[in-house]
Amino acid sequence: MIQMNRFRICVCYVITTLLISIFVYSLISNNIQNARELKRLREEMDEIAHLVLHNSVSGHRDTSNHLSELVDTMIKKRLSGIWEDLFNLKKSLKIKQDAKGMESPEDVENSAMAAIVERVNFASDELGAKILSISAEPICPTSFLKSCLGMEFSCNPPINMLRSTMKPGNCFGFRNTGSAEVTVQLSHEILLDQILLEHIPRHQSPTGDTTSAPKDFEIIAIYGDLHEFSLGKYRFHNDPKRTSQYFTVLTSDRVGILKFRFQTNHGHPSYTCVYRIAVYGRL
């Protein structure tokens, strides 16, 4: 009877500890997200204050109108990624629907050209793409608590790869102790045809060094039964005149989950930074 009571006490203790850990994790996650949003808001307010001060010194009379235009521009800038992806998704569906009623080969060709020009990024965070798993060593020092709460990559989280913000430091960073693997769930299952990898140019780097850009990497498709199939190995050239590079990756079956396995970089001895990944295809 005494052993049974001890067992129940142990079970209650474990459950209570687990619930407290989950609660603390949710609080910390919300605080980190709020801190990031406040940081962005402070940057935008500093920019507005700087421009208002500059206008006052320069003798601009219509400061209020200029400030209103500035605020509108910033709002549009923040929402442009969502607007663009939603518009392109709607346009892609419309083109696909209209193509069914076309009779002329010329009309079909024009429609295909329009679909190429306006691509939908199915790995966009704004459209619902998610990071499913990470296998890498974080740059920032970690702890047992961070490991338990899954917050090892709070400094340079892999979700940065799925966002359109290309600012220095807004990347997925990891130490060069081996290959890093990131599994991404796309917003829709698609017939994959192209992948974009992008890095900041040298003039945006605080040190002018972009050797932390990824070099050799592999793309793996994961299907419904968790079957993995390699789509090929690729190399990002890190051309200073061309910060983005497209890779042709074709699939015969629709895929909704991709694993990116990063293996080398362009010479940085300590860490690798992956700034942006975009995935294109057809529904």
Side-chain angles (χ1 to χ4, degrees), residues 121-125 129-142 147 150-164 166 168-186 190 192-202 204-205 207-223 226-251 253 255-281:
N121 176 18
F122 291 97
S124 170
D125 173 53
K130 300 177 181 178
I131 301 294
L132 294 182
S133 64
I134 318 162
S135 177
E137 184 176 348
I139 297 177
C140 298
T142 185
S147 300
M151 299 178 62
E152 306 99 310
F153 293 92
S154 56
C155 296
N156 302 96
I159 192 65
N160 285 339
M161 299 190 308
L162 310 185
R163 292 171 176 167
S164 56
M166 289 289 293
N170 284 6
C171 65
F172 165 49
F174 56 90
R175 292 189 180 276
N176 294 336
T177 55
S179 63
E181 293 183 355
V182 182
T183 305
V184 179
Q185 179 178 333
L186 305 179
I190 60 170
L192 185 64
D193 59 46
Q194 218 173 34
I195 286 179
L196 168 71
L197 189 60
E198 194 170 6
H199 196 79
I200 59 170
R202 289 180 181 174
Q204 286 189 1
S205 173
T207 61
D209 182 14
T210 60
T211 56
S212 63
K215 186 176 182 180
D216 296 308
F217 65 99
E218 184 179 6
I219 304 173
I220 300 169
I222 301 178
Y223 294 98
L226 300 182
H227 171 68
E228 296 188 359
F229 179 77
S230 177
L231 300 176
K233 297 181 179 180
Y234 303 88
R235 173 167 290 183
F236 180 70
H237 295 300
N238 196 28
D239 188 344
K241 297 181 180 179
R242 188 182 63 178
T243 58
S244 59
Q245 187 174 342
Y246 288 88
F247 303 91
T248 300
V249 186
L250 300 176
T251 56
D253 297 320
V255 59
I257 300 176
L258 293 176
K259 179 186 290 185
F260 294 88
R261 181 175 293 159
F262 301 100
Q263 298 164 329
T264 61
N265 65 15
H266 281 269
H268 199 287
S270 302
Y271 56 84
T272 300
C273 290
V274 185
Y275 271 86
R276 183 169 179 258
I277 285 177
V279 177
Y280 303 107

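Judged purely by atom type and a 3.5 angstrom limit, Gln263 has no side-chain atom pairing as donor or acceptor with the backbone of Lys215.
Pairing each heavy atom of Asn156 with each of Gly169, the nearest pair is ND2-O, 3.3 Å. The minimum heavy-atom distance between Pro158 and Val182, with the atom names listed, is CB-CG1, 4.3 Å. The two atoms that bring Thr183 and Ile222 nearest to each other are CG2-CD1, 4.0 Å, heavy atoms only. Val279 and Ala123 make their closest contact through CG2-CB, 3.6 Å (heavy atoms, listed as atom of the first residue, atom of the second, distance). Here the closest non-hydrogen pair linking Tyr234 and Leu231 is OH-O, 2.8 Å. Closest approach of Cys171 to Asn160, counting heavy atoms only: O-ND2, 3.0 Å.
Proximity of Phe229 to Tyr223: side-chain heavy atoms (C-beta onward) are separated by under 4.5 Å at one or more points. At a threshold of 4.5 Å between non-hydrogen side-chain atoms, the residues Thr243 and Ile200 do not count as touching.
From Thr210, atom OG1 reaches atom NE2 of His199 across 5.5 Å, with rounding to the nearest 0.5 Å. For the atom pair CD (Gln185) and CD1 (Ile257), the distance works out to 5.5 Å, reported to the nearest 0.5 Å. If you take CZ on Arg261 and CG on Asp216, they are separated by 13.5 Å, rounding to the nearest 0.5 Å. Taking CD of Glu218 as the start and NZ of Lys259 as the end, the distance is 9.5 Å to the nearest 0.5 Å. Distance check, rounded to the nearest 0.5 Å: CG of Leu197 to NE2 of His237 gives 11.0 Å. To the nearest 0.5 Å, atom OG of residue Ser270 and atom CZ of residue Arg175 are 7.5 Å apart.
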Given the rule in the side-chain contact (heavy atoms from CB on, under 4.5 Å) test, do Ile219 and Phe260 qualify, once you have shown the distances and angles that lead to the verdict? CA-CA 5 Å; Ile219 304 173; Phe260 294 88; 4.1 Å; yes
Test side-chain contact (heavy atoms from CB on, under 4.5 Å) applied to Leu258 and Ile220, step by step: CA-CA 6 Å; Leu258 293 176; Ile220 300 169; over 6 Å; no
From CA spacing to verdict: side-chain contact (heavy atoms from CB on, under 4.5 Å), Ile159, Asp125: CA-CA 7 Å; Ile159 192 65; Asp125 173 53; 3.7 Å; yes
For Arg276 and Met161: C-alpha separation, side-chain torsions, deciding distance, then whether side-chain contact (heavy atoms from CB on, under 4.5 Å) applies. CA-CA 4 Å; Arg276 183 169 179 258; Met161 299 190 308; over 6 Å; no
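Phe236 and His266 have perpendicular rings, their planes meeting at more than 60° on a 0 to 90° scale where under 30° would count as parallel. Between Phe174 and Phe172, the two ring planes are tilted [angle within 30° to 60°]. Using a 30° and 60° split on the angle between ring planes, Tyr271 and His268 fall in the tilted class, from 30° to 60°.
Under the 3.5 Å distance criterion, with hydrogens and angles disregarded, no donor-acceptor pair is assigned to the side chains of Gln194 and Thr248. With no hydrogens or angles considered, a side-chain donor-acceptor pair links Thr211 and Asp209 at under 3.5 Å. Under 3.5 Å, the side chains of Thr272 and Asn176 contain a donor-acceptor pair of N or O atoms.
For Phe247, the CZ atom is densely surrounded, since the number of other residues' heavy atoms within 6.0 Å is greater than 12.
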